[in-house]
Amino acid sequence: MSEPRYDPKEIEPRWQRVWAQERTWEVTNEELKGETSYVLEMLPYPSGEPHIGHLKVYSVGDAVAHFHRRTGRRVLHPMGYDAFGLPAENNAIKTGQKPRDATNAAIASFQKQFREWGISIDWSREFATCDPAYYRWTQWIFLQLYENGLAYRKNAVVNWCPKDATVLANEQVVDGQCERCGTEVEARQLEQWFFRITDYADRLLDDLDTIEWPEHVKTMQRNWIGRSVGAEVSFRCDALDTEFPVFTTRPDTLFGATFFVVAPEHPDIERLAAGTGQEEEVRAYVNRALTESNEERGDAEKPKTGVFLGRHVTNPVNGEQLPIYVADYVLMEYGTGAIMAVPGHDGRDYAFAKAYDLPIRPVVEGRDPEGDADGLPYTGDGPLINSHADFDGTHNRDALEKITVWLDREGKGNASTNYRLRDWLLSRQRYWGCPIPIIHCPDCGTVSVPLDQLPVELPEIEDYAPKGKSPLAAAEDWVNTTCPRCDGAAKRETDTMDTFVDSSWYFLRYTDPDNDKAPWDPEVLNRWMPVDQYIGGVEHAILHLLYARFFTKALADLGHLNAQEPFARLFTQGMITRDGAKMSKSRGNVVSPQEIVERYGADTTRAYILFIGPPDKDADWSDKNIVGVADFLAKLWRLSALAAQGPGRGAELPNEPDGPGLELVRAANVAIEEVTRAMTGRFAFNAAIANVMKLVNACSKEYYEAGNRDPEALRYALGTASSLVFGFAPHVAADAYHLLTGERVWDEPWPAADPRFLERDSFELVVQVNGKLRDRIPAPTEATREALEEMARAAPNAQAQLEGREVVKVIVVPGKLVNIVVR
RNA sequence: GCGGGCGUGGCGGAAUCGGUAGACGCGCCAGGUUUAGGACCUGGUGACCGCAAGGUCGUGGGGGUUCAAGUCCCUCCGCCCGCACCA
């Protein structure tokens, strides 16, 4: 008989058809009894074809979704598209193809691939964020936030990308460059829309403790939010009759302040220097500082520079007159743009004082061994000195609180907390995004579009080229409208929203995607949310993940949902590299998932990407290693087909297995145990697959070498292997299981190991002498400690080591080993 | 500088608790089967010494705790990621 041949090209479409026709992976909100689970991968931005990173994230997510289903949970596993965005618009400018057409084409290609990969998606819930039926509710949420003071417009210095001709949020500027195109961003003073994410800074920080996320992602968010606790202290300039507040984390060092510094951008510089004779020098310095690039300016290593402003302020704690300097090491964006300088206890102030020969006064006792000869600057803790009789001798941590209280009582300051986090700038001067549902009326001002007029649809336009304002401004028919309040002539807001707004709530919409009365039914939503397992790339550690957390909290506060956090557990998958480098067209090292799937089939491709290593780590693609996985799946299928040709059917646990059958049953149960362990609370898919390989190897050996002595046990072992591997290679597993049993493996519960087949009546006892392995001998499982010790002492290779030595101690670990300690 | 992570054969990587290091796969070597094959099956494969039995060494370096350390503690080195003149 010729051997049956594994043919993924025939198997895979056949099972995909079954899943599509039977809508196998759909869940309805009507049948939400029992335990549920919401498994979600970050939604893709559809552009061209999916790449290998998509294949990885959905392979990981699908493995989790299947495991949750088969361990008794109803699983929500939806898919959608982050479909607004700059690439489609830039493409339109270049090729003339409308953004919607290009996006729809890309979506079609993604859908096709995801189906060909056999990902278990509930397609009934699919949407794209550029669908009016979706962005209607994006606008609705915007208005909720606007009406409640969480969205506002202000004139501010903002980041402007000259290439993309739009403003950017702080999170979208990396090293002073546009996150998307790498162009150096410019500072511009503009009127823009913001979300008040800073109101949530404390909760965004504190609630990180309530979610199971990778520590490095939490750390990045903590860094980004950047909370510092301290005090705001007022320094008065009598000459100008003005108070200058500063923020400090070290009010305990107030007595050590010997000068005062303002940022070059500080609005009062001109006024301060006026009439002091320093005007020229100050102006020259400020001009130079302002024209310097971000990189040059931000270099902490370069020598400190600054110029005396010719004025003084009064230190509120001791009345001392402190000279005011302007220096570029002080940043306008942080705190108040002015600092008190304590050179004795701050490295930067110290460097400045040394450069300009300013006095340095230590006020905390202690020396920094790395510091100068005098042990300064000293940033550690210690008792106060040189301060005031009331505080000298007090430990600085206690003094910090006391001085803050004193400042508050005297009206010279107060406890204060500062954040690095800025409000989220959401408006963009681009076309392909969600319109901001606002009307500007000359009489009524800024007016919300009434909810019953949503969505404000994005009009069709011909010219997408950015001109420094939104291309929508040219769509006059659309821009000109009437004010909903006074019916007078008014204009629509022409900026669109940052696409991160679209993706900050899509996971909520999946729970109730067809609702046209509301963004969701809160009762339904609350049954699914929060997402049990979220999976995506670490590149979104701050942007998307912070914004989504903010939206969830804000919407919860407004009573629209219960969850305080969107994603209870987060898994960040590592990158697939090629030759140790990130894949990119310019490097020419791109691995096309389509090509691999075409050659080996989706099952092999998916299983290989999981087998390559731990999924949270980066992994280098190798064309060679994939054949191991291909052979393994082929072997599983072939053996199943052969076993199915033999007598009998089914993959039931044999009644009283013995001999070779018992060995197979045992191997299957060990595999169940190991795979379950790899999947429970972990994502050790590589280890899980390795254990199934081991089981299939045992089956192979029994079939080919020994002659299939127990067909029933063989079918059980192969059925178990198919069942265990289904989440990684669903088509071949479904087919093999069907051949063996006529049943559908996804309807079967996750296999449970039978303890009877995990225990054995004898085991290999390890005999150590002084911790060194000396022998292995068979021993009965039931043997007492004494019996084990006796057997160990009698073991031939151990005996040779014991000769002429005194036994000091014997350690017996039943079922494992005996360690004889000798002298 | 601060914070997080990592370091195991020729290669990718296994090893929840401290208890046989190197599972599984690639590669390599050998054998079987086949008209042939880049198909299929089986075995071997950390280094060194040895004909063998066996021994010595071995999880980035050094030190420690322990009967026992890849695993725990200290220290040093190297690599990766994030933040960084944030007061």
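Chain letters run A, B, ... following the sequence lines, proteins first and then strands; every chain starts at 1. No hydrogens, no waters, no symmetry mates; every other heavy atom, side chains included, goes into these values. These numbers were taken from a predicted model, which means no experiment stands behind them.
- At a threshold of 4.0 angstrom between heavy atoms, the contacts of A:Lys772 are confined to the sugar-phosphate backbone, with no base atom among them.
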### Task
Dump the intermediate steps for salt bridge (Lys or Arg N to Asp or Glu O under 4.0 Å) on A:Asp252 and A:Arg397, then the final yes or no.
CA-CA 7 Å; A:Asp252 53 317; A:Arg397 292 282 138 199; 5.5 Å; no
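- If you take CG of A:Leu695 and C1' of B:G25, they are 16 Å apart, rounded to a whole angstrom.
- Contacts of A:Phe611 with the nucleic acid, taken as non-hydrogen atoms under 4.0 Å apart, include base atoms.
- Considering A:Asp206, A:Asp209, A:Asp202 in turn, A:Asp209 is the only one that fulfils the salt bridge (charged side-chain N to carboxylate O under 4.0 Å, His left out) rule with A:Arg222.
- A:Glu674 comes within 4.0 angstrom of nothing in the nucleic acid, heavy atoms only.
- Nucleic acid contact for A:Val766: base, since at least one base atom lies under 4.0 Å from a heavy atom of the residue.
- Residue contacts for A:Val692: at a heavy-atom cut-off of 4.0 Å it reaches no nucleic acid atom on any strand shown.
- Around the CD atom of A:Glu401, the shell of radius 6.0 Å holds no more than 12 heavy atoms that belong to other residues, nucleotides or ligands.
- Between A:Arg420 and B:G82 there is no side-chain polar atom (N or O) within less than 4.0 angstrom of OP1 or OP2.
- Paired with A:Val692 under the rule side-chain contact (heavy atoms from CB on, under 4.5 Å), one option of A:Thr720, A:Ile672, A:Val675, A:Asn697 passes, and it is A:Val675.
- Between A:Lys701 and B:G43, a side-chain N or O to OP1/OP2 separation shorter than 4.0 Å is present.
- Proximity note for A:Asp631 (side chain, C-beta onward) versus B:A87, B:C26, B:C41: the nearest is B:C26.
- Judged by distance alone, with hydrogens and angles left aside, A:Asn819 brings a side-chain donor or acceptor within reach of the base of B:C67, the pair sitting under 3.5 Å.
- B:A87 is unpaired under the criterion used here, namely a Watson-Crick or G-U wobble arrangement in which both key atom distances are under 3.5 Å.
- Candidate nucleotides B:G3, B:G12, B:C24 were compared by shortest atom distance to the side chain of A:Thr219, and B:G3 ranks first.
- Base engagement by A:Lys302 is indicated by at least one non-hydrogen atom pair under 4.0 Å involving a base atom.
- B:G9 shows a glycosidic angle within 90° of 0 and is accordingly assigned syn.
- Distances from the side chain of A:Leu773 to the nucleotides B:A21, B:C67, B:G55 place B:A21 closest.
- Proximity note for A:Met220 (side chain, C-beta onward) versus B:A87, B:G82, B:G19: the nearest is B:G82.
- Remark: A:Arg774 is in phosphate contact with B:U56, judged by side-chain N or O atoms under 4.0 Å from OP1 or OP2.
- Anti is the classification of B:C72, since its glycosidic angle lies more than 90° from 0.
- A:Asn418 comes within 4.0 angstrom of no nucleic acid atom, judged by non-hydrogen atoms across all strands.
- A:Tyr334 and A:Phe247 have perpendicular rings, their planes meeting at more than 60° on a 0 to 90° scale where under 30° would count as parallel.
- The distance from atom NZ of A:Lys624 to atom P of B:G13 is 14 Å, rounded to the nearest whole Å.
- At the heavy-atom level, A:Asp349 lies nowhere under 4.0 Å from the strands shown.
- The A:Ile612 side chain lies nearest to B:G12 when the options are B:G12, B:A14, B:C67.
- Mapping A:Ala690 and A:Leu817 onto RNA chain B by nearest heavy atom places A:Leu817 closer to the 5' end of the strand.
- Across the protein-nucleic acid pair, A:Trp224 atom CH2 and B:A84 atom C1' stand 12 Å apart, rounded to whole Å.
- Of the possible donor and acceptor atoms, one in the side chain of A:Tyr285 sits under 3.5 Å from a partner among the backbone N and O of A:Thr305.
- A:Arg638 comes within contact range of the sugar-phosphate backbone alone, with a heavy-atom separation under 4.0 Å but no base atom that close.
- Nucleotide B:C6: paired with B:G78 (Watson-Crick or G-U wobble, both distances less than 3.5 Å).
- Within the nucleic acid shown, A:Pro214 has no heavy atom closer than 4.0 Å to any nucleic acid atom.
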